[in-house]
Asks: 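Below you will find the structure I want to go over with you.
By convention in this document, chain letters (A, B, ...) are assigned in the order of the sequence lines, proteins followed by strands, and residues within each chain are numbered from 1.
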Amino acid sequence: MRKLPLTWNPAWFHHGASLWCLAAKIAHVATARVGAVLGLLTGATEQSRVLAWAADRKTISQVCEQLELPDKAATTLALRADPASLEQRQHINLGLRWCPECLASWYHTARFQDRRIRLCPWHRVRLRETCPYCTRSIDPFGRPWRCDHCSQPLVADPEHWLSGFKTKPGHDGLWPRLVPAAILAYEEHEHGVLCRPDKDGELSLKAHGRYLDFWQHAQLYESASALWDTILRDHRDCALQEPYGYYPHYYNLDFACPVAAAGRAVFGQMALDGAMRGAWSHQSVVQTAYVTLPARGAVSLEVRRALLRELPRAWLADSLMLFGEASRLGRTSARWEPHPAAFQGKALIKPWSNGSELVTKRPASWLEATAAFSAEKCPNRKALPGTWDPLKLLLA
Amino acid sequence: MLNTVLQTAELGMVLTAPTRFGKSAFIDEIEARFKRRKGGVVLRSTMTTGHAKGWENRFYRRLRGEEEGVESLFPQQNPKTALLRHIQNECDKVGSPVVVFALDEAQNLSIPQLDVLKELSENLLNMGHKPFMLLVGQPELLRLRDWLREHLRQDIVQRFMLRATVLRGMNSAADVRVLLRHTDSAVWPENSGRTYTAHFAPAAWTQGWRIEREAEGLWLAFLHHATKLGAGKSPDIGTQFVAQAQLALLQAVGMDAVHDVRRPMTPESSKMKSAVESSGFAESLTLGAKPAEPDDKADAKATRRWLRQTRYT
């Protein structure tokens, strides 16, 4: 195996630490971006950022070999989730989530990236997911422990990094076998997402006058990235081949691949065109998306998060059907606009016991079937098994 | 000797030798010893010429031991800081402040690069490290030292180039014997339980033949060859030439089913001659040599012949 040009010390590893945690230390020493280190270690690119959090076993074992890590490290460096499955990918947060107490000792665990976790199990501190200065989400590929947008540090500058990186985080790094309900933000339910009551959710973000705008946009970006990584994965190249245009709601969108066009139309409406290319977004939520969401303070943060996850899915399904039908009729140009009936946020919320709220969601399989229906006329469509009939699935 | 120099306050030394005298092997050995004894960190790099835009950053990365072309794969904001932090970390790992920069092909170093080395050594001294620049290169490196003296750059000479050592090759049969003895005892392939000689010439080995016995003959064969090529009567012969000849000899004996193992080979024997010829020693002496003087008589004859052939009658 080729030796990587990385400065590393096995003493920098502490049990339970994430691959990002190690990469950030290496990047600090090498004055590089964390993405460059992760790219060398796992082959992750901006279009596959999720590999930083959920790399496959083979890659992780190679990393362990390269960095001379103990065998047990392989189980904690990344989340055990399939990044190609929407059911599993939807819980992985691309933007950094961290416990300020843990990060003060340069510690981060991949489990923090699971959106279902709300509190650090060791310090019982709420996990942060936005910059404490500008409220933008933190690109894990950016500069180590620093916001790429405002350049402010997330923790104190590691002046004494030589000894600091070796210092243990103050806990054993063992993740609780049974995660206490108190640290969970939401749970998967048969009909949707069961969001736990969260009174001080918005307060935890409040660092900027427009904190909710940036946070909501970040959530939409997360949702869009999850869709590009899973449902739209096979059509990302189609979308990249299309000429880059303005937001398509002003005129018809010429297309070759209906799935890529549907993705571009929906994410163009949300100012999330960059998500397919893997570009990090620091914008605020756009008006078209905002009007369909509940007003500030009307719902808890976790409910809002669930709605923001559901909104792009609903719009995408609508758009996929439109472009799919257009392509079946032999059209190469169509226009999709957000329709009020496509997503009605308030209607999806149902009160539940113990102050929880249930947000109804569409199953991932339905979205997959919609994409498959629309992909019928995609020029780069992969051969599907003969028994696969998306129309039948949709009708069912 | 390096140990002695490291004990002093000197920050560098020059080591020169012609091609294939084992300079790289020497650096390998230093690297291995430092690693084994945890006496310090050895950063090995090969110096190249050229001062394209951004050379300074590339130079720092090269000093760290990075290969060519890594820059685009792994961009760094500040390669100098990265190098200093790398040294801090490596020294911390071995628990020693000593850091040796083994710069191969150091004759290619330019004045700005030497200035960078000077600044770097100062930075490292301020950080509590003990840097040492081992400048290894061709004999032209000594000319660079003289040039620096003449052009009032004593600061660089006094810092790194005060002490100069020439790496000698083999200049006696005894030297060759040491090398050949090692061939008889070194295991090859690894963990096979066989020696180098037994691996290449198994039949002769079982009959009791040892290559060490051929040391005198091999040395004389080199000597004859050198005299014939006008290299003087007591030349220094690069270790790698001898090693190459020894390998050729082993292969020749291995392939010869009826090799006479009772007597050592003479320097005039065909095996010895071809082993010395295949070592590349002759090419190193004649390569770039002045071409042979033109033979006026032969030239005149050739011209007359050409005129005869092209005459229109």
Side-chain angles (χ1 to χ4, degrees), chain A residues 1-13 19 22-46 48 52 62-63 66-69 106 139 141-148 151 153 157-167, chain B residues 27-28 31-32 35 38 40-46 48 54 56-99 101-102 116 120 123-124 126-130:
Chain A
M1 196 186 292
R2 198 166 73 93
K3 195 162 164 36
L4 301 175
L6 303 176
T7 303
W8 170 248
N9 189 342
W12 294 350
F13 173 77
L19 183 57
L22 310 185
K25 289 176 181 178
I26 295 172
H28 170 76
V29 173
T31 65
R33 289 174 73 83
V34 184
V37 179
L38 287 168
L40 281 181
L41 287 173
T42 65
T45 60
E46 289 192 334
S48 57
Q62 277 175 357
V63 171
Q66 288 273 7
L67 302 181
E68 299 164 28
L69 298 178
W106 320 111
D139 179 5
F141 275 31
R143 284 175 288 170
W145 314 299
R146 206 169 270 274
C147 171
D148 251 6
S151 297
D157 202 36
E159 202 180 333
H160 304 291
W161 62 272
L162 199 59
S163 55
F165 287 177
K166 290 192 284 187
T167 311
Chain B
I27 299 175
D28 284 345
E31 206 175 356
K35 204 171 182 178
K38 297 196 170 182
V41 178
V42 177
L43 294 180
R44 186 184 179 160
S45 49
T46 306
T48 49
E56 208 171 332
N57 283 346
R58 275 200 298 281
F59 183 60
Y60 284 120
R61 299 189 70 155
R62 201 71 66 246
L63 284 176
R64 189 194 172 287
E66 280 181 20
E67 291 166 19
E68 194 83 41
V70 176
E71 291 91 347
S72 55
L73 276 176
F74 188 56
Q76 291 180 338
Q77 281 177 349
N78 190 339
K80 185 184 176 183
T81 308
L83 173 66
L84 292 173
R85 286 179 182 171
H86 175 70
I87 292 167
Q88 272 182 291
N89 180 50
E90 294 301 311
C91 285
D92 182 56
K93 278 202 277 189
V94 296
S96 163
V98 176
V99 51
F101 290 89
V116 165
L120 187 68
N123 290 148
L124 286 167
N126 289 339
M127 286 161 68
H129 290 285
K130 186 169 181 353

Asks: Using only atom types and a distance under 3.5 Å, with no angle test, would you say the side chain of B:K93 pairs donor to acceptor with the backbone of A:A11?
Replies: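 Looks like no, no N/O pair under 3.5 Å.
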Asks: Say you draw a straight line from CH2 of A:W161 to CD of B:Q88; how long is it, rounded to the nearest 0.5 Å?
Replies: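 One gets 5.0 Å once the value is rounded to the nearest 0.5 Å.
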Asks: Please determine, among A:A36, A:P10, A:A32, A:A30, the option with the most heavy-atom pairs under 4.5 Å with chain B.
Replies: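 The residue among A:A36, A:P10, A:A32, A:A30 with the greatest pair count is A:A30.
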Asks: Under 4.5 Å heavy-atom distance to chain B, tell me which part of A:W12 shows up: side chain, backbone, both or neither.
Replies: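 The side chain, not the backbone.
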Asks: Sort B:N89 into side chain, backbone, both or neither according to what part of it lies under 4.5 angstrom from a heavy atom of chain A.
Replies: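 Its backbone and side chain both get close to chain A.
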Asks: I need the contact set between residues 56-66 of chain B and chain A: heavy-atom distance under 4.5 Å, sorted by residue number.
Replies: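 Checking residues 56-66 of chain B against chain A gives B:R64, B:E66.
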Asks: Hey, is the main chain of B:N78 close enough, under 3.5 Å, to the side chain of A:T31 for a donor-acceptor pair?
Replies: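 Pair found, side chain donor or acceptor close to backbone of B:N78.
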Asks: Once rounded to the nearest 0.5 Å, what's the spacing between atom CG of A:L6 and atom NE2 of B:H86?
Replies: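 Reported value, rounded in 0.5 Å steps: 10.5 Å.
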